[in-house]
J.: 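For reference, the structure I am asking about is given below.
Both backbone and side-chain heavy atoms feed into the values below; hydrogens, waters and symmetry mates do not. Sequence lines set the chain letters: A, B, ... in the order given, protein chains first and strands last, and positions in each chain run from 1.
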2 protein chains.
Amino acid sequence: MKGIRQLAESLDISIGTVSRALNGRPDVNEETRLRVLAAAEEFGYVANQSGRSLRKGETKVIGLMIESSAEAVDNADNFFLGVTSGLQSVFARHKLDLVMLPCASDEEPHEYLKRMVARRIVDAMIISNTQRIDRRIDLLSRAKIPFVTVGRSLSANNFPWIDLDFEGVAERAVERLVARGHRRIAITAPSSEVNLGYVFVESYRRTLERHGIAFDPSLVIRVKSSEQGGYQAGHELLLLAQRPTAVILIYELMAIGLYRRLMESGVMPGRDLAVIGFRDAPRARFLQPPLSCFRMSLYDLGVALGQMLLAHMPAYREFYSNDGGNIIWPLELVAGESDAFQLTEV
Amino acid sequence: MKGIRQLAESLDISIGTVSRALNGRPDVNEETRLRVLAAAEEFGYVANQSGRSLRKGETKVIGLMIESSAEAVDNADNFFLGVTSGLQSVFARHKLDLVMLPCASDEEPHEYLKRMVARRIVDAMIISNTQRIDRRIDLLSRAKIPFVTVGRSLSANNFPWIDLDFEGVAERAVERLVARGHRRIAITAPSSEVNLGYVFVESYRRTLERHGIAFDPSLVIRVKSSEQGGYQAGHELLLLAQRPTAVILIYELMAIGLYRRLMESGVMPGRDLAVIGFRDAPRARFLQPPLSCFRMSLYDLGVALGQMLLAHMPAYREFYSNDGGNIIWPLELVAGESDAFQLTEV
DNA sequence: CTGAAAGCGCTTACAG
DNA sequence: CTGAAAGCGCTTACAG
C-alpha cells in the first residue's frame, strides 16, 4: 500500500472522496465512508504527513526543545519526561503529537531552534531553560510560531510562560530558617545565566533584609546545578571563615553531593548545618536525614503548559480560555529532618 | 520571507536555480550561488521540510522512540539522554536530525509506532525496551523502515540490534560471589516481559550450575526495575526462610531502595549481605558502602547505534561498513565495597 | 454526495 | 549554466 491514490483505485472511487471520508467530513455517504475506513484499516493506510502538511500548512506536531548537555545527562533529570505525560494528555485530545527535540551540547540553542523552526517540522514549540536574555524568544515571536516557555526571561515583556515559584521557595526557606534561629544562611546559585538563578537569589535577599539580616555576597555560592556542584558547594561552605549555619539549595540533586562532602568532614546535615533543598526528587528521597524540600506535580505542570500553548494557537484557541495570565507554579513544602533543629546561641 | 518562490523573485532568477544553489549542486555559476546564499541568509530562508520531504521521499529525521511511563519517570533514567549525544554526533555528519518520540503510557507502543511510521515523520527508527516477543520489529521490517533496536528479541532472527552484555554481567557477578564463598545467591528480575530479564536470569542459572550450585527459583525475585522495586526486593529477601548471602540486581536504581530496606532491619550491605548492582549510575554513587557494579559509556553506545542504523539506510550505507554483526555491548566491573567480604562458613 | 482539478513548496530530469 | 515544467501526496473549493 502506498498512497491515497492506490487506496482510491482499489475502491474505484476518487481520491477526494477517500480523503473526505478519512477526515470525517460530513458530506460523505455513510456507506462509502465505512468502505473507505475498512479498506484503510486493511491496507494500514495513514495519510503521509508531508503531503498533508504541505497542503494544510500545519504538521500536527508540537516540539519540546531540551538540551542534552553532558551536565543534563549527569543530572539524570527526569523533569521533562515527567512533564511530557501531562503535555501528551492535552495534545492527544486534538490528535497532536509531541516530539522532543534534543539540542546537542555542541550546537548553539538559538541556531538549533532557528533550524527547527525554519524547516517547519513543528507547529508550535515549548522551550525551557530560559536565560536572562534569551534570543530564542524573539526568534519565535518574529517567526510567529506559537510557543510557551518554562521559565521567565527579560527578553520580551509579553509572552506566555509558566515558571516555578522560585520566589516563594526562597522566601519560605529563609523564613523557616530564620524562625529556627539562623542568621547566617547561605544559598547556592547556578553558574550560568539561566534566569531562575537571578529570581531565586533576589527573593532570598529581600526576605533576609525584611528580617533585618544584611545580604552577604560571600554566602551566595555559585556552582553547577548538579550532584558535583553540591559537593563543590559543601566544600566552599566549609572553607568560609565564618561558617553559615544553614544553606538553601537551588537544585535537588545537589543535596546528594552536599551531604557527602559534609559527612566527609564530620558535619552532619540536620544537626550541624540546616539544609533545605528545592524540588522533591525520587532520587533524593533516600537521603539520611530526610531532606526538607518542596514538591510539585510534573504531570500537572505539563497539562498547564499544554493548555496555555493551545490557547495561543489559532486552530485550538476556541477550546482554551486565554486569560493572558502567566503562571507562577506553586510548590508545597515537604518538611524533612535536614533543618529540624533550633539553633542555640553560640 | 515565505518560500523559495519569493526568494527567487527577489533575486530575479528561477526557483530551480535557487534550489540547486542551496543544495550545493555543481552545475551552478559560482557567483550566482554566492548571491543566493547571501539572500537566503539575509531572509532567514530555510527550505520547508514538508515540500522537500514530499518531493524527495525522505525527511532527514531519525526517530528515537522512548516510553514515558510513570515508572520511567520515577526512575529518572538518564539512559536515553546519554545515548542521544552519541547518536547526534553521528547524524550531524549527514545533516540528519534526531527527534525523541515519547510514547504515552496509556498508548500501546505498537500502535504508537504504527502511527509514527505511517505518517512518515521519520526516515528511520531506533527502538528500545524490546520485549521477548515484540511486534514492533515485524512492523518495521514489513514497512521497510530502516531501524535498529537497543535490545534483542525473539521476534525475528535477523535484524540489527545492540544489546548490553547481560550474560557477561550476570556471569561475572556470580563468579565474583562464588569466589567469595557465596552459595546462596539471589537475583532480581523484571516483572515485565522485557527480553533482558530472560537473558539475565538464564546466564545466572548457567553460571551457578557450572559451579555445581542448583538453581533455586525462590531466589529469583521478580520486582519492578525501580527504587521501589529494590525496596520490595529487600523486603522479600528478608522474608525468605533461608536467607541468601548475596544478591545481584538487574537495575542500578534498585540499589537505593534495597539499601534502605536492609538498613531498616539492621542488615548492612557489604557486611551482612553482598550486593552487586548493574549499571553504574551517577545517582547511585553516593551509596554507602559504595556499590560494586558495572560501567559503560552511553555516548559510545549512541555512536555505535547511529553507525549501525546508517549502515542499514540506502542513502548512507556507503559510508558505514555493515558487517552484519550485531553487538553485545561490554560493561566493565567497578569494584565497590558492597560485596567486599569473604563469607565464612556458618 | 462525488469527481476533476488546483495547488501547498519543493527538487530534478529535460531542453536549450 | 539556467529556466520551464512535472510531480511528490495530500486537501479542498468548485461543479455537477
J.: Whole-Å distance between C/dT2 C1' and A/L11 CG?
T.: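 Those two atoms, CG and C1', are 14 Å apart.
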J.: Measure from CZ on B/R35 to P on D/dC1 and round the result to the nearest Å.
T.: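 In whole Å, D/dC1 P and B/R35 CZ are 15 Å from each other.
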J.: Around atom CZ of A/R317, are there more than 12 heavy atoms from other residues, nucleotides or ligands closer than 6.0 Å?
T.: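 Enclosed.
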J.: If I take atom CD in residue B/E31 and atom C1' in nucleotide D/dT2, what distance separates them, rounded to the nearest angstrom?
T.: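 About 14 Å, once rounded to whole Å.
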J.: Protein within reach of the bases, or only the backbone? For nucleotides 11-16 of chain C, mark each nucleotide 5' to 3' as B, S or -, using heavy atoms under 4.0 Å.
T.: BBB---
J.: Check this for me: A/D12, atom CG, are more than 12 non-hydrogen atoms of other residues, nucleotides or ligands nearer than 6.0 Å?
T.: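 Check fails, neighbour count at 12 or below.
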J.: Angle between ring planes, B/Y320 versus B/H94, binned at 30° and 60°: parallel, tilted or perpendicular?
T.: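 It falls in the perpendicular class, over 60°.
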J.: What's the CZ-P distance between A/R5 and D/dG7, to the nearest Å?
T.: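 In whole Å, D/dG7 P lies 11 Å from A/R5 CZ.
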J.: Please determine whether the number of non-hydrogen atoms from other residues, nucleotides or ligands lying under 6.0 Å from atom CZ of B/R135 exceeds 12.
T.: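 No - once you tally the heavy atoms of other residues, nucleotides and ligands closer than 6.0 Å, there are 12 at most.
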J.: What's the CD-P distance between B/E9 and C/dG9, to the nearest Å?
T.: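 Nearest whole value for this atom pair: 13 Å.
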J.: Starting from P on D/dG7, measure out to CG on A/N48 and report it in whole angstrom.
T.: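 The answer, rounded to whole Å, is 18 Å.
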J.: Can you tell me how far C1' of C/dC1 sits from CD of A/E30, to the nearest Å?
T.: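 Atom-to-atom, A/E30 to C/dC1, this comes out as 12 Å.
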J.: So which of B/R55, B/K56, B/Q49 actually passes side chain to side chain donor-acceptor pair (under 3.5 Å) with B/S53?
T.: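 The single option meeting the side chain to side chain donor-acceptor pair (under 3.5 Å) with B/S53 is B/Q49.
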J.: Given that B/D12 and B/L54 both sit by DNA chain D, which one's nearest nucleotide is further toward the 5' end?
T.: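 Looking at DNA chain D, the more 5' nearest nucleotide goes with B/D12.
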J.: Between the side chains of A/R136 and A/D134, is the shortest nitrogen-to-carboxylate-oxygen separation below 4.0 Å, so that they form an ion pair?
T.: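 Salt bridge between A/D134 and A/R136, a charged N being under 4.0 Å from a carboxylate O: yes.
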J.: Dot-bracket for DNA chain C: what is it, with Watson-Crick or G-U pairs under 3.5 Å, [ ] where a pair crosses earlier ones, and | for a pair to another strand?
T.: |||.||||||||.|||
J.: Rounded to whole angstrom units, what separation is found between the CD atom of A/Q6 and the P atom of D/dG9?
T.: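 It is 7 Å, rounded to the nearest whole Å.
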J.: Would you mind telling me which residue lines up with the more 5' stretch of DNA chain D, B/R33 or A/V46, judged by nearest nucleotide?
T.: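 Closest to the 5' end, via its nearest nucleotide, is B/R33.
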J.: Sequence neighbours excluded, which residues qualify as side-chain hydrogen bond (donor to acceptor under 3.5 Å, both in side chains) partners of A/Y112?
T.: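 A/Y112 satisfies side-chain hydrogen bond (donor to acceptor under 3.5 Å, both in side chains) with no residue once adjacent residues are dropped.
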J.: Tell me if the CD atom of A/E318 is crowded by more than 12 foreign heavy atoms within 6.0 Å.
T.: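 Yes, the 6.0 Å shell around CD holds more than 12 heavy atoms from other groups.
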J.: Base, sugar-phosphate or nothing for A/T32? Non-hydrogen atoms, less than 4.0 Å.
T.: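 The answer is sugar-phosphate, as A/T32 gets under 4.0 Å only of primed atoms, P, OP1 or OP2.
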J.: With a cut-off of 6.0 Å (strictly less than), are more than 12 heavy atoms of other residues, nucleotides or ligands near CZ of A/R5?
T.: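 At most 12 heavy atoms, drawn from other residues, nucleotides or ligands, come within 6.0 Å of this atom.
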